Amino acid sequence: YQQLVAFILQGIALTLILGFIALTLYKIFNAGLNSFSAGHAEWQKKLHQYLHVKSRQTLPELFCLRILIFIIIWGGVLLLLLNVWGISNTQFHELMFGMTNGFKVAGINIIPSRIIFGLIFFAIAIFLVRWLSAIIENHSGEHINRGSQQALAAVTGYLGFAIILLFALLIAGVNFAGLAIIAGALSVGIGFGLQNIVNNFVSGIILLVERPIKPGDRIQVGDTEGFVKKIRIRYTQIQTLQYSDLIVPNAEIVSGQVINYMFKDFYGRIGVSVGVAYGSDTALVKDTLLEAANNHPEIVSEEGPYQPWVFFSEFGDNSLKFDLYCVIRNVNLKYFVASELRFAIDKLFRERNITIAFPQQDIHIKDWVNKLRIEDGE
């Protein structure tokens, strides 16, 4: 009985000590991963910025590292506890044989050591692919533009993830022959359920390869106008003129009508309409509008197809309507240039006594009151 009590007390003490050590180690490693995810230190912020990782973003490799740390620490403690509580050498060797060579559960062969190596390979390889994508995207070269870099980096990231996941499953001992049978049985149902996702995925590849739009382009999708911020494999992120982010599925961009103001160059056309009073000198109005356009530095004033044009559009109810059309060198400034052009036109019109018309009506009151008085004999 004394030996039994000593054995139990020794086992409880060692169990508590090993548990405390394991819990402390797990918290230390977990705190380190959390600190990396938070990114408070200067080097962490630079690393997040270089890898294009947002603060507190959950990464697949960090998730795998958490699982590995948990398995290694608590698995090692479990083996030590089995030794503490008097497991026999034969049983211990059988357990280690099962860890390295696997054991069957419900007809499935599970090899814990291969699963651990598969997780280690996945975590390291994913980080290397992310690092390679960051190098491609951040590399500054003269022979490749920014849009091509981001497209190549995105394709590298997704293709690398697919290949790494395949190899990680092979290392973990997944039987693809059995998975093929299950995938064949579920392919029809999954195909109908995921057809929109597959459509967006293929559309994303088309956008990255053909590049009808690229990051930085000013586009208009439907009634929304903004700048292309990022092109992902499933969606495109557009920053609107109100500085809000619009997420558009890639299938809508590929199959729908999209206006790209910067497809080949930065030129863009703007128009300013003005109405002058009847009786104004129309030739002077035309010359004044052309002068205002030619004096602006952002407006193309050279002779040719891009030179400013003035159209006498119509005889309105209250004014003579003129339309000024001109081409600017940077379409991103179209609202600023149009506003400055209106200021200049208003100033020149005031200097030359050209009246900008406004809605008005002339009311003619007949002298019917006096006629009634005469008829009544007053």
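Any value given below was found using the heavy atoms of this structure, including those in side chains, with hydrogens, waters and symmetry copies removed. As the structure is a prediction and not an experimental result, all values here were calculated from the model.
Close placement of the Y306 and Y267 rings is indicated, their centers lying within 6.0 Å of each other.
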*Audit row: L324, V274, side chain to side chain contact (heavy atoms under 4.5 Å, CB included) steps and yes/no*: CA-CA 8 Å; L324 170 64; V274 63; over 6 Å; no
*Would you check, one step at a time, whether the test salt bridge (Lys or Arg N to Asp or Glu O under 4.0 Å) holds for E225 with K334?*
CA-CA 13 Å; E225 183 178 349; K334 64 178 183 178; 3.2 Å; yes
*Trace of the side chain to side chain contact (heavy atoms under 4.5 Å, CB included) decision for Y235 with N200*: CA-CA 7 Å; Y235 65 87; N200 290 324; over 6 Å; no
*asked:* Would N260 and D217 count as a side chain to side chain donor-acceptor pair (under 3.5 Å) here? Give the steps.
replied: CA-CA 7 Å; N260 189 349; D217 283 355; 3.2 Å; yes
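Only one option out of N294, I299, V300 pairs with H296 in a side chain to side chain contact (heavy atoms under 4.5 Å, CB included); it is I299.
Between F315 and Y278, the ring-plane angle classifies as parallel under the 30° and 60° cut-offs.
Annotation: cation-pi geometry not satisfied between K286 and F311 (NZ/CZ under 6.0 angstrom from ring centroid, within 45° of ring axis).
Across every non-hydrogen atom of I231 and P215, the tightest pair is CD1-CD, 4.0 Å.
The neighbour count for W74 CH2, taken as heavy atoms of other residues, nucleotides or ligands under 6.0 Å away, is above 12.
Using a 4.0 Å cut-off between charged side-chain N and carboxylate O, E302 and R329 make a salt bridge.
A distance-only check finds no donor-acceptor pair linking the side chain of Q237 to the backbone of Q239 [under 3.5 Å].
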